[in-house]
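Dumping the structure here so I can ask a few things about it.
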There are 2 protein chains.
Amino acid sequence: MTDINFSRGAANPDSQGAEGVPAPRAGELRWDIIELLFFAYRDFVGDADHELEAFGFGRAHHRVMHFVYRYPGLKVADLLDVLRITKQSLGRVLKQLLDEGYIVQKTGNNDRRQRLLYATPKGEALVAKLAGLQTDRITRALRDINPEGVAAISQFLRAMIDRDDPDKVLEAIFGTGSKKPRE
Amino acid sequence: MTDINFSRGAANPDSQGAEGVPAPRAGELRWDIIELLFFAYRDFVGDADHELEAFGFGRAHHRVMHFVYRYPGLKVADLLDVLRITKQSLGRVLKQLLDEGYIVQKTGNNDRRQRLLYATPKGEALVAKLAGLQTDRITRALRDINPEGVAAISQFLRAMIDRDDPDKVLEAIFGTGSKKPRE
DNA sequence: AATTTATGTCAGTCATGTTGACATATCTTG
DNA sequence: CAAGATATGTCAACATGACTGACATAAATT
């Protein structure tokens, strides 16, 4: 009982199934993509969340570990740009990860004020484990999609990201401006 | 200075640009999609976050408003399933939205214990405004993608979502066989 | 030598999540 | 009808991960 009232055309009253998503007329809102992004991201991060509990860590730790592992030698300031949090906020989780031996700091060669961050083997193992879970989900989701479709997905996700004032990591991902390898 | 060290093959050392994303060999991790999802979602929700500040609301309020608007007559219990939070947590934001006239409750017809939730015109306006911002980003991102590509994106996002134990909203989105959610 | 920069830290606050306990109204069942 | 289950609401305490503001230190830059 208490069925959902579809009076406002909720959830694709004109749905044609997963394959035949109707292109909305100009000016219409993309409720479909908005909601799919919500649920997809919810379940995507959910994979890691469970595992993190066993380590006594939260999402914040995961994000830090991930980017430190992926971009070895990242500066604290770069990490702040990427995560878009304050140094006080980063400080707490970073301290934990340092204390528990998941990350090490090295003083910068050129600039001795900098603390360059590196994942330890322990940290690498954690990141790899979490990335494995998320990769499983992604691989499953991509299984029945052809290479053109996968390219479209990649293009879409890239185009969803703000390009103004990109941080160091985004520069690396996008291959800074004209330096794009073989567009 | 202090350039990122790419020693671990960060950011697609074998990248071929947005179009030619190489399919990773079996067993490899999808760092590319993992990071694109992170940044894409970060900026996607960022659109709404700014606007919400002007209303003194947060993401929690947005999520509640969104689903109440989209699925009019949603029960409190359904909302808890969708958002995956506790009733105490929902209670706070819901009370604010009720007090400030963004949502109204109606007693269920069949079951008078239920409080069916509906967006007021004020609430509708807020949701539409936020969805407009997000739709702008999505439309931009989809601009140069052909219908087959858009279908692939939709299929991918759907496949990223857990289908076991779907809530009422997901049943509506996926159109689970027995069309009407009956129980 | 003075200033700026990169980082760290203390202290307090806020938003949003949690658990546990309990109240109330209403529906369902024996 | 009485008893129990269900839907919702609420109080209290607590955890996490954000925030602002202030200040400290070392090292680089001017």
Side-chain angles (χ1 to χ4, degrees), chain A residues 1-3 42 45-46 48-50 52-53 55-66 68 73-99 103-117 167-168, chain B residues 1-3 42 45-46 48-50 52-66 68 73-100 103-118 167-168 183:
Chain A
M1 40 209 73
T2 345
D3 288 10
R42 181 191 71 174
V45 296
D49 284 349
H50 279 118
L52 284 161
E53 273 181 45
F55 291 83
F57 290 150
R59 271 184 213 179
H61 301 85
H62 184 195
R63 291 196 289 259
V64 171
M65 277 308 312
H66 174 95
V68 167
L74 210 57
K75 288 188 303 178
V76 169
D78 294 330
L79 206 40
L80 293 177
D81 282 347
V82 173
L83 302 179
R84 296 209 183 147
I85 59 176
T86 58
K87 64 178 173 178
Q88 296 90 333
S89 207
L90 173 61
R92 262 181 321 214
V93 298
L94 188 54
K95 194 172 190 308
Q96 281 183 270
L97 292 168
L98 288 165
D99 289 348
I103 285 177
V104 288
Q105 288 179 325
K106 291 185 190 174
T107 299
N109 291 327
N110 305 331
D111 187 334
R112 290 171 44 76
R113 291 171 304 180
Q114 297 173 345
R115 304 300 153 83
L116 310 186
L117 303 171
D167 52 61
K168 277 236 161 77
Chain B
M1 326 306 130
T2 344
D3 286 11
R42 180 190 71 173
V45 296
D49 284 350
H50 280 117
L52 284 161
E53 273 181 46
F55 292 82
F57 290 149
R59 271 184 214 179
H61 302 86
H62 184 195
R63 290 196 290 259
V64 171
M65 277 308 311
H66 174 95
V68 168
L74 209 57
K75 289 188 301 179
V76 169
D78 294 330
L79 206 39
L80 293 177
D81 282 346
V82 173
L83 302 179
R84 295 206 182 151
I85 57 176
T86 57
K87 65 178 172 178
Q88 295 89 332
S89 203
L90 174 61
R92 262 185 316 222
V93 298
L94 187 54
K95 192 171 192 310
Q96 282 182 269
L97 292 168
L98 288 164
D99 289 348
E100 303 190 28
I103 286 178
V104 288
Q105 288 179 325
K106 290 186 190 174
T107 299
N109 290 327
N110 305 330
D111 187 335
R112 291 171 43 79
R113 291 171 303 181
Q114 297 172 346
R115 305 299 153 84
L116 311 185
L117 303 171
Y118 297 88
D167 51 60
K168 276 232 162 78
E183 45 197 69

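Only this structure's heavy atoms are used, side chains among them; waters, hydrogens and symmetry mates stay out. Every chain is numbered from 1 and lettered A, B, ... according to where its sequence line falls, protein lines coming before strand lines.
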>> With a 4.5 Å cut-off on side-chain heavy atoms, are Met65(B) and Leu97(B) touching?
In response: yes

> Could you state the CD1-P distance from Ile103(A) to dG8(C), rounded to the nearest angstrom?
Replying inline: 11 Å

> Nearest to the side chain of Asp111(A) - dG17(D), dT16(C), dA6(C)?
Replying inline: dA6(C)

> Does the side chain of Leu116(A) reach to within under 4.5 Å of the side chain of Gln105(A), using non-hydrogen atoms?
Replying inline: no

> Between Arg115(B) and Gln105(A), which is nearer to the 5' end of DNA chain C once each is assigned its nearest nucleotide?
Replying inline: Gln105(A)

>> Tell me the interatomic distance from Leu79(A), atom CG, to dA18(D), atom C1', rounded to whole angstroms.
In response: 15 Å

> Within the structure shown, what part of the strands sits under 4.0 Å from Gln96(B) by heavy-atom distance: base, sugar-phosphate, or nothing?
Replying inline: nothing

> For Lys168(A) and dA6(C), what is the distance between atoms NZ and C1' respectively, to the nearest whole Å?
Replying inline: 13 Å

> How long is the line joining NZ of Lys87(B) and P of dA7(D), in whole Å?
Replying inline: 11 Å

>> Students often get this wrong, so: under 4.0 angstrom with heavy atoms, is Gly91(A) touching a base, only sugar-phosphate, or nothing?
In response: nothing

>> Nearest whole Å is fine: how far is dT24(C) C1' from Arg112(B) CZ?
In response: 13 Å

>> When you measure from the side-chain N and O atoms of Thr86(B) to the phosphate of dT18(C), is any distance below 4.0 Å, counting only OP1 and OP2?
In response: yes

>> How many whole angstroms separate atom NZ of Lys106(B) from atom C1' of dT8(D)?
In response: 19 Å

>> Tell me the interatomic distance from Leu117(B), atom CG, to dT8(D), atom C1', rounded to whole angstroms.
In response: 11 Å

> Can you check the His61(B) NE2 to dG17(C) P distance for me, whole Å?
Replying inline: 10 Å

> Within the modelled atom types, does a donor on one side and an acceptor on the other bring the side chain of Gln88(A) and the base of dG17(D) under 3.5 Å apart?
Replying inline: no

> Ignoring hydrogens and angles, does a donor from either the side chain of Arg113(A) or the base of dT5(C) sit under 3.5 Å from an acceptor on the other?
Replying inline: yes

> Should the ring pair His62(A) and His66(A) be called parallel, tilted or perpendicular, given that the plane angle runs from 0 to 90° and is split at 30 and 60?
Replying inline: perpendicular

> Heavy atoms under 4.0 Å, any strand shown: does Arg59(A) hit a base, just sugar-phosphate, or nothing?
Replying inline: sugar-phosphate

> Does the dG8(C) base have a donor-acceptor partner in the side chain of Arg92(A) within less than 3.5 Å?
Replying inline: no

>> Both Ile85(A) and Gly56(A) contact DNA chain D. Taking the nearest nucleotide for each, which residue is further toward the 5' end?
In response: Gly56(A)

>> I need the minimum non-hydrogen distance between Val82(B) and Arg42(A), along with the two atoms involved.
In response: O-NH1, 2.7 Å

> So, are Asp81(A) and Lys168(A) salt-bridged, with charged N and O less than 4.0 Å apart?
Replying inline: no

